[in-house]
Amino acid sequence: MEKKFRKIGVLTSGGDAPGMNCVIKAVTCAAIDMGVEVVGILGGYSGLINDRIRPLSKLDVADIVARGGTFLYSDRCDEFKTEEGMQKAIATCKKHNIDGIIAIGGDGTFRGATDLSIRGVPCIGVSGTIDNDITATDITVGYDTAMNSVLALGDRLRDTCESHCRCNVIEVMGRHAGYIAIETGLALNAIGVAINEFPFDKEAMYKRMKASQKAGQRSFIVVVAEGLGAEFSEGLVKEIEENTGIETRFVRPAHIVRGGIPTLADRNFAARSGYKAVELLLQGVSDVVICSRHGEIVPVEIKYALIVDRMYKGKLKEYDLDGFSDKQIAEMEALCAERRKYFTDMYKIVNSICC
Ligand code: F6P
């Protein structure tokens, strides 16, 4: 039988991402529209533990869609990983009659949502991370804006490189994932893109740089994913100079690309995800994350999403696949293969057309 929802909570957790506010807005307005009250939980799971709750009206969220960051604040909360912390969070839900939660964030956030769901507080996850590192979804809220921010910075660097006949190495965020790096690398016409997912052939890049320079090219951009480490990205500057003779500078935009006005793509994906999350939660669905698959907004069981991530990273534990059908395992393998093919294809194009 469907549970009758009186009130739902919404929170943002983990690293913030542009577009999180658009999810909050969609969740708040959709729930109120469907006859359910909404409260904001301030500061992620730690706000749930420490009873930092505020009611949300449509008016409260009316003008937040163009704002970066998260107006509910965010946190990475270790206490929530303990049973004691979890019980405090559940007590807060009981105190405020919170019947369900929509948790916006990345994989850590979804793990928390599962822990709450299995203890009787239904939760649905919505992606909010610039890294796009959730294998079950094609895109995450915040990814598009972050890429466009890198693009704007890279275009400026190109201008000054062109004037001074230089190369610029840009190290971009993404944690261990190279999505931001490979996409912006292609868009910026980067002569080299170094990511964790694919072996980086420095010698081939130096060769391409020298050939382009000989043909008259004055400016070069190299994009490096932060997952390769500071030693790698900073060290590359000197190596490029030594191997090509091209004067090279280094930029690490870091958190700059995590802030800023969300793009249309992020806003609308956020709105569609938030709406779907409310719809499903009120229908009695829980313990799922809202994903985008080939343009469609679909729920995916959180356990499935976390395991397919581990499969993709080659980090499956012994009993991880227990309980999944052969069909589901085949689907997971296909998803991982799709991701690998994406990187292989992108790398081939970058190395072929960027100069
Ligand atoms: O997950 C988002 C992210 O910005 C990563 O790209 C980056 O590695 C990490 O968070 C930085 O974390 P913090 O904000 O704690 O420095």
Side-chain angles (χ1 to χ4, degrees), residues 11-24 42-47 67-81 103-113 125-154 169-185 193-197 223-234 250-263 266 269-270 273 289 291 302 305-306 309-310 312-313 315 339 343:
L11 64 81
T12 48
S13 155
D16 64 353
M20 277 182 160
N21 283 330
C22 304
V23 184
I24 298 167
L42 301 176
Y45 289 117
S46 76
R67 277 160 58 182
T70 159
F71 102 124
L72 292 178
Y73 316 131
S74 195
D75 196 9
R76 293 191 169 101
C77 179
D78 285 334
E79 197 186 347
F80 192 67
K81 293 177 190 150
I104 309 156
D107 53 359
T109 308
F110 305 148
R111 236 170 271 132
V126 175
S127 72
T129 169
I130 63 166
D131 302 336
N132 199 36
D133 57 352
I134 299 163
T135 315
T137 180
D138 295 338
I139 47 170
T140 55
V141 170
Y143 173 50
D144 188 66
T145 307
M147 286 191 294
N148 278 291
S149 297
V150 172
L151 196 60
L153 291 168
V169 173
I170 316 174
E171 186 203 89
V172 297
M173 274 192 168
R175 206 175 286 275
H176 303 295
Y179 295 99
I180 297 178
I182 196 81
E183 287 284 339
T184 58
V193 180
I195 53 178
N196 294 73
E197 289 86 345
V223 180
V224 180
E226 68 165 349
L228 288 166
E231 205 179 313
F232 178 92
S233 53
E234 288 170 24
F250 178 76
V251 167
R252 178 180 290 124
H255 295 79
I256 292 172
V257 305
R258 226 166 75 183
I261 300 172
T263 58
D266 269 333
F269 175 47
S273 302
V289 52
C291 295
I302 291 181
L306 297 177
D309 265 348
R310 287 223 275 274
Y312 176 67
K313 290 174 191 154
K315 288 185 177 167
R339 291 281 176 142
F343 277 111

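Numbers here simply count residues along the sequence, with the first being 1. Numbering of ligands and ligand atoms starts at 1, following listing order.
Closest to atom 9 (C) of ligand 1 among all protein heavy atoms lies Arg175 NH2, 3.6 Å. Looking only at protein heavy atoms, the nearest one to atom 10 (O) of ligand 1 is Arg258 NH1, 3.1 Å. In terms of protein heavy atoms, atom 16 (O) of ligand 1 is closest to His255 NE2, 3.0 Å.
Legend: residues meeting ring-ring contact (aromatic ring centres under 6.0 Å, His included) with Tyr73, ordered by chain and number and at least two apart, are absent. For Arg252, the side chain to side chain donor-acceptor pair (under 3.5 Å) partners are Glu171, Glu234, not counting sequence neighbours.
Between the side chains of Asp75 and Ser46, at least one donor N or O sits under 3.5 Å from an acceptor N or O. Remark: the Ser127 side chain and the Thr140 side chain contain no N/O donor-acceptor pair separated by less than 3.5 Å.
Of the listed residues (Ile302, Asp107, Leu306), just one forms a side chain to side chain contact (heavy atoms under 4.5 Å, CB included) with Val289, and that residue is Ile302.
Set against the non-hydrogen atoms of Arg76, the atoms of ligand 1 under 4.0 Å away are 10 (O), 12 (O), 13 (P), 14 (O), 15 (O). Applying the 4.0 Å criterion to heavy atoms of Glu226 picks out, from ligand 1, the atoms 5 (C), 6 (O), 7 (C), 8 (O).
Contact analysis puts Gly174 in contact with ligand 1, with a non-hydrogen atom separation below 4.0 angstrom.
Counting non-hydrogen atoms of neighbouring residues, nucleotides and ligands closer than 6.0 angstrom, the CD1 atom of Ile261 reaches no more than 12 such neighbours.
Between Ile130 and ligand 1, not a single N/O pair is under 3.5 Å apart.
Ranked by closest heavy atom to atom 2 (C) of ligand 1, the top entry among Val172, Asp107, Asp131 is Asp131.
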